[in-house]
Each structure stands twice: as structure tokens, then as C-alpha cells.
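Both ligands and their constituent atoms are indexed starting at 1 by order of listing.
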Amino acid sequence: MPGIVIVGVQWGDEGKGKATDLLGDRTDWVVKFNGGNNAGHTVVIGNEKYALHLLPSGILSPGVNAVIGNGVVVDLEVLFAELEALSARGLDISRLKVSANAHLITQYHRTLDKVSERFLGKRQIGTTGRGIGPAYADKINRVGIRVQDLFDENILRQKVEGALDQKNHLLVKVFNRRSITADEIVDDLLSYAERLRPMVCDTGLLLNDALDAGDVVVFEGGQATMLDVDHGTYPFVTSSSATAGGAATGSGVGPNRLDRIVGIVKAYTTRVGSGPFPTELFDENGDFLRSRGFEFGTTTGRPRRVGWYDAPITRYATRINGITDLVLTKLDILTGLDQIPVCVAYDVDGERFDEVPVNQSDFHHAKPILEYFPGWKQDISTARTFDDLPIEAQDYVLALEEMSGTRISVIGVGPSRDAVIVRHDLVD
Ligand code: GDP
Ligand code: IMO
Ligand code: MG
């Protein structure tokens, strides 16, 4: 089973970083295939806590080869800042490879992200402001700058000038900002070129060779199904393919090499930024989940919106991604509740929907139809087998499994690496 994909089921921050890290000692390669430094993965190893944005979480495991795939958008300043910070903490960062085809985030992308959000006013998406959307827009619009362009100054300059042609009009005339010169962008990008050069290669070839050799390759998704540009709550999404299909296009391996699709899902739901969220809580239950679960963004520090578990979303993610195994995280956060509501279907203006409605307007109007499960009071953070869990927690997990249409293979009961219950091995 060499090709394993990790994807978020909900709106991100499900604990994908920890799941990737968990597989670390049996993994040869970890590949980031989408997104950029909009992601925020917190991984706790012993007493050490790491917050990663651009680098794949696999970089924390000794001996693992980390890859930034072609589907990623790379902010070089962030890349080198993260590498230096890890190196200063004694980690080996020499095993990172970067796709020659990955696109770059430049200063004008960051600026455009911020000013266009401001321009949208009430309709704003609540982006992370890292330039993600504008960088992907340039990629699709065929005016993007790629990693390989750094090694041909002439081409780089032509491309930057081409990209700035329209953007400077937009920046000055629409957004009332100063224009940006090609020189400042080119000089900035070139300042990283020689440090980057040894990392750059045809990562698709590298990964296909690794899979041919029988290596275990983990494809680590950023963001999540409901933030996917095609399958999420558009336009309140990120600009990349965060679902399992993105693992193939974003890394250069065929879809038939993806053997196992692991969906990471929280035992409740969170969301950062704008957009529909049927189970969202505005009461003391919401405060309870937010403070107990420490639901504040790793990237922007924003308080995350919180709500109950939404079973139709997991079913939706299971079919969109072809999920074979679920990792249910943060079950420990629910400890202490008398009863635990779960959304089993939606009421949309009086009509029952058992599945996520195809029309976005319906989803905006969806009210959760809740079923209530008995809670438990005992601390579950030291449980290491399913039988260690109180019967109410077992029943809650089994009910979620039944509703989601696929098996729950791993259960998270705490932030640290070892705080998990493994029911089915993810690598076999
Ligand atoms: P990611 O973006 O999907 O990698 O997730 P984040 O790192 O943004 O958010 C998940 C947070 O939950 C991190 O702070 C993790 O350390 C933490 N976490 C992961 N699994 C568990 C769990 O089972 N229990 C608890 N209490 N915390 C967890
Ligand atoms: P991880 O990988 C949660 C959200 C932003 C915003 C929308 C678009 O840690 O799960 P963008 O900057 O990508 O254009 O913002 O997507 N968003 C995330 N929310 N976790 C993330 O990553 C996110 N990455 C982007 O809040 O609503
Ligand atoms: Mg996160």
C-alpha cells in the first residue's frame, strides 16, 4: 500500500499535520500537493510544539524525504524562514525537494489578496491574506511565475513585466495603491535562487521512481474538502484542489497510485473565515468547544467558528475523495458534556435534506436536524485501545462511523503524537 493520501473532511484544522506525523516513522516520502502558507499545522512531539505553514509536516520525522509538489504555491520568504527555524531547532532539513513547476507567490499577490478582500467589504471571504488566491489566479490565467523561472533571468524578467502590466493599472487606478516595478520583484526572487537551486527538480519523476521502488509516499493535503475550489462552499473556499484528486494533479503521479485515502475529521466542526456552516454554535456550547479545543487559527490567530459534528458533510467528503479510512480527532474535547448533538440531516426551508444540498443557497439556509447522544465524564486522554473508552464514547464513535459510510480507523484523544487509538493500521 505505498500511496497514502491525507485529506481534511471539513473546513480545515482537523489535525492533518498530526496524522501525517503519526505515519512518520513508516513513511519514506511526504508530499504537499496543494495550497501554500495559508495552511497551519500544529504538531506536538514530546514537549516540543511545531507550527508549520508551508513545509509538509513529514519534515519533522528523521529520514523522511519532504516534497513540495507542483500544485503548491510557494512564498520563498516563508519557505526559507521555516527552514531556518527548524534547522535552528536541530532538525535535518536537507531532504526537501521542490517542484520546478510550482508557482511562486510574490509581493503583488499578497497585496492584491489584502486589497481585494477590503474591496469586497461585507462579501469578503476572510482569506488568510497570504496571496494564495491571486497566485492561483495567475497560474490559471497563464501569467504565473514558476520556480524554474528563477534560473533564467531573462525569462523571469519578461514574465514579471507581463504580469505587472495589468496589475499595476489595477493597483493604482482601482485600489489606489502604488505601482510595483519589475526590478523590485525580480531582485527579490533572484535573492533566493542559489539557495533554492539544489532543492529544485522534477518531483513527479522522483515520486514515480519512489513508488516503483515500493516506498511509502504520503500525500499531505492542506485545507479540506469543504474549502476545495470545486467541491467546497464556493466562493467561500480556498483556490486549490484540496481533495484527493488534487494529490495526483498536484504531484505528478497517476490516480491509480493512490492506494489509500485517509480523511481527517474532528469530533465536532470548525471553520475559519466566511461562508455557510449549518451546525455553527453561538452559545456557551460554542465557547466550551472553542476554549477546550483551543480553536484559534495557527496561521492568523483568529478565533475559529465552532459547531457540532455534521454527518452529511463526512458522507459527502467520503464520496468526493473516495475515503477508505477516517481519523477521528479531538474526541477528548467532548468529555464533560451531558449529551452530544450530531447533525444527521438538514432542514432547508421546511424540506428535509439527507445529503449536502447541491445549491449553495440551500446550504446557506440549512438548519441542522440533530440527534442526541449521551456524553461521558471520565478523562479519555490516556485511552489507548477502543475498549479503554467509556461505553458512551464508544457508542458515539460507532454512530459516527455508521453515518459516515466508512470505517473510523484511528481516534485522537489528545494533541501529542502517542495520544491515539489505532483500530485499523493505516499502512499495511
Ligand atoms: P491541521 O491544519 O489539519 O493540521 O490542524 P491544526 O494543526 O490547524 O489544528 C489541529 C489542532 O488540534 C492542533 O493544535 C493539534 O495539536 C490538535 N490535535 C490534533 N489531534 C488532537 C486530538 O486528538 N486531541 C486534541 N486535544 N488535540 C488534537
Ligand atoms: P489547514 O491546512 C482553515 C480558509 C480561510 C478562508 C478561505 C480562503 O490548516 O487546514 P485563502 O487564504 O486560502 O485564500 O483563504 O480558506 N483557509 C483555511 N481554514 N484551515 C486552513 O488550512 C485554511 N486555509 C485556508 O480562512 O476562509
Ligand atoms: Mg490548520
Side-chain angles (χ1 to χ4, degrees), residues 6-22 32-45 48-54 56-57 72-73 75 105 109-110 112-114 116-117 124-137 220-229 232-240 242 263-277 289 292-305 327-335 379-381 383 410-421:
I6 294 213
V7 286
V9 163
Q10 298 150 321
W11 280 283
D13 306 321
E14 297 91 348
K16 298 175 292 291
K18 178 182 159 181
T20 308
D21 177 61
L22 196 69
K32 180 174 167 106
F33 63 81
N34 76 302
N37 56 312
N38 48 347
H41 308 300
T42 303
V43 180
V44 182
I45 304 172
E48 295 284 316
K49 189 167 164 178
Y50 298 90
L52 296 171
H53 297 285
L54 178 56
S57 311
V72 175
V73 285
D75 185 322
I105 300 178
H109 297 121
R110 288 188 294 266
L112 283 169
D113 193 355
K114 288 181 188 131
S116 53
E117 276 282 276
Q124 74 177 25
I125 292 160
T127 72
T128 59
R130 302 298 192 260
I132 305 294
Y136 278 113
E220 180 188 344
Q223 293 76 50
T225 306
M226 301 307 278
L227 287 172
D228 180 275
V229 68
T233 49
Y234 191 89
F236 302 103
V237 292
T238 191
S239 301
S240 70
I264 317 299
V265 64
K266 236 185 278 210
Y268 51 96
T269 313
T270 64
R271 163 158 220 177
V272 192
S274 320
F277 181 178
L289 292 177
R292 279 285 295 276
F294 198 68
E295 297 297 351
F296 297 89
T298 313
T299 300
T300 57
R302 289 179 285 181
R304 294 174 181 153
R305 299 160 66 192
V327 174
L328 180 71
T329 62
K330 297 192 129 174
L331 185 65
D332 53 303
I333 302 305
L334 300 180
T335 299
D379 175 23
I380 61 167
S381 62
V410 178
I411 302 162
V413 291
S416 67
R417 206 180 231 186
D418 62 331
V420 284
I421 294 168

Distance alone, cut at 3.5 Å: any donor-acceptor contact between the side chains of D228 and Q223?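 Judged by distance alone, the side chains do not pair up.
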Considering only heavy atoms, which of [options] lies nearest to [atom]?
atom: atom 28 (C) of ligand 1; options: K330, K49, K18; value: K330
atom: atom 2 (O) of ligand 1; options: G17, G293, G221, G40; value: G40
atom: atom 6 (C) of ligand 2; options: G126, G273, G131; value: G126
atom: atom 22 (O) of ligand 2; options: E117, K16, Q223, Q124; value: Q223

For V420, the option from V413, T329, V410 that meets side chain to side chain contact (heavy atoms under 4.5 Å, CB included):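 Exactly one option meets the side chain to side chain contact (heavy atoms under 4.5 Å, CB included) with V420, and it is V410.
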Checking contacts here: is it the side chain or the backbone of V413 that comes within 4.0 Å of ligand 1, counting heavy atoms only? Could be both or neither. backbone
Considering only heavy atoms, does D332 approach ligand 1 within less than 4.0 Å through its side chain, its backbone, both, or neither?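 The answer is the side chain of D332.
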Around the Mg ion (ligand 3), how many protein N, O or S atoms are closer than 2.8 Å?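 My tally for this metal is 2.
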One finds that the ligand 2 atoms under 4.0 Å from a non-hydrogen atom of A39 are 1 (P), 2 (O), 9 (O), 22 (O)
What atoms in ligand 2 come closer than 4.0 Å to a heavy atom of W11?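 Heavy-atom distances to W11 below 4.0 Å select 3 (C), 19 (N).
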How far is [atom] from its nearest protein heavy atom, and which residue and atom is that?
atom: atom 8 (C) of ligand 2; value: V237 O, 3.4 Å
atom: atom 9 (O) of ligand 1; value: D13 O, 3.6 Å
atom: atom 16 (O) of ligand 1; value: T42 O, 3.6 Å
atom: atom 3 (O) of ligand 1; value: K16 N, 2.7 Å
atom: atom 27 (O) of ligand 2; value: V272 O, 3.0 Å

Residues R110 and D75 bridged, charged N to O under 4.0 Å: yes
What I want to find out is whether R130 reaches D113 closely enough, with some N-O distance under 4.0 Å, to be called a salt bridge.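 Salt bridge between R130 and D113, a charged N being under 4.0 Å from a carboxylate O: no.
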Using distance alone, decide if ligand 1 has a nitrogen or oxygen within less than 3.5 Å of any nitrogen or oxygen in G414. yes
Give yes or no for whether the N/O distance cutoff of 3.5 Å, strictly under, is met between G15 and ligand 1.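 Yes.
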Of K330, R271, R302, R305, which is the lone residue that meets side-chain hydrogen bond (donor to acceptor under 3.5 Å, both in side chains) with E295? K330
With sequence neighbours excluded, what pairs up with E14 under the side chain to side chain donor-acceptor pair (under 3.5 Å) test? K16
ring-ring contact (aromatic ring centres under 6.0 Å, His included) between F296 and F294, worked out: CA-CA 6 Å; F296 297 89; F294 198 68; 5.2 Å; yes
